[in-house]
Undergrad: 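What follows is a structure written as structure tokens; I'll ask about it next.
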Amino acid sequence: MPHRYAKIKWIRFKRVIKKLARSHSSAHDLAFGVAIGLFIGMLPIMGIQMLVAAGIAAICRVSKLAAVLPVWISNPFTFIPLYGFNYWVGHKLTGMGPTHNEYRQVIHEIPKIMERTGFLEGIVESTKYFGSMGLDAVISLSVGSLLLGLILAVISYPLTMRAVVFLRVRRARKRQARHERVSKVIRDSERMFAHKGKKH
């Protein structure tokens, strides 16, 4: 089931990317939106990531859809290894909080909490449960998440710019080639009818 879910999400993701490239937003607006979404997606604020990303995109006047989509980098299938790595980085930098193994034991309990409760209640209870590790753990996770989110955002901006430009140029070339083929068919048809008209 998880593999099938991931495949469906990937297919939808590709469709949305193509729609984004075909939108009227500039390559800058799309790339900036993606950078915002990836940065927010790395932060441990599941449940409000989409709202935060859309709000920042609106303030910056860039594509809200491009900002909302990448926040799904953190989802029910990825948040444990993702936030685990973020914590490991933050713990290495700050030296604060419990060991990485102790952190992993705690974060593996969060899906069980989410299963026992509703979505919103699960987010609240999971936040409280993680908070029981102490402020040092929160600081380490926050530092790692902010740093890696910033790095990912900076890297994604030029890559997204190039991808959008590439897709738009390729689409324009295909449109031009299609137009030339149709024009050729029309010209050939006109010549054929003109030739038959001369015979008659």
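On a predicted model such as this, the values are computed, not experimentally measured, just so you know. Keep in mind that the numbers below use all heavy atoms, side chains included, and drop hydrogens, waters and symmetry copies. Position 1 is the first residue of the sequence, and the numbers go up from there.
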Undergrad: So with a 6.0 Å cut-off around OH of Y83, is the heavy-atom count from everything else above 12?
TA: yes
Undergrad: Tell me whether L38 shares a hydrophobic cluster with L159, the cluster being built from Ile, Leu, Val, Met, Phe, Trp, Tyr side chains joined at under 4.5 Å.
TA: yes
Undergrad: For D136 and T94: C-alpha separation, side-chain torsions, deciding distance, then whether side-chain contact (heavy atoms from CB on, under 4.5 Å) applies.
TA: CA-CA 9 Å; D136 287 353; T94 65; over 6 Å; no
Undergrad: Would M96 and L135 show up in the same hydrophobic cluster when neighbours are defined by side-chain heavy atoms closer than 4.5 Å?
TA: yes
Undergrad: Cut-off 3.5 Å, no hydrogens considered: what does the side-chain donor-acceptor table look like for residues 59-71, sequence neighbours left out?
TA:
| from | atom 1 | to | atom 2 | distance (Å) |
| --- | --- | --- | --- | --- |
| S63 | OG | A66 | N | 3.1 |

Undergrad: Does I139 belong to the same Ile/Leu/Val/Met/Phe/Trp/Tyr cluster as L93, with side-chain heavy atoms less than 4.5 Å apart forming each link?
TA: yes
Undergrad: Counting distance only, does the side-chain N/O of Q49 pair as donor-acceptor with the main-chain N or O of L43 below 3.5 Å?
TA: yes
Undergrad: Using residues 145-155 as the side-chain source, report each donor-acceptor pair under 3.5 Å to any protein atom, sequence neighbours left out, with the distance given to one decimal.
TA:
| from | atom 1 | to | atom 2 | distance (Å) |
| --- | --- | --- | --- | --- |
| S145 | OG | M42 | O | 3.4 |
| S145 | OG | N86 | ND2 | 3.2 |
| S145 | OG | L141 | O | 2.8 |

Undergrad: Is the shortest side-chain heavy-atom distance between Y157 and M161 below 4.5 Å?
TA: yes
Undergrad: Out of curiosity, L82 CG to M46 CE, how far, rounded to the nearest 0.5 Å?
TA: 9.5 Å
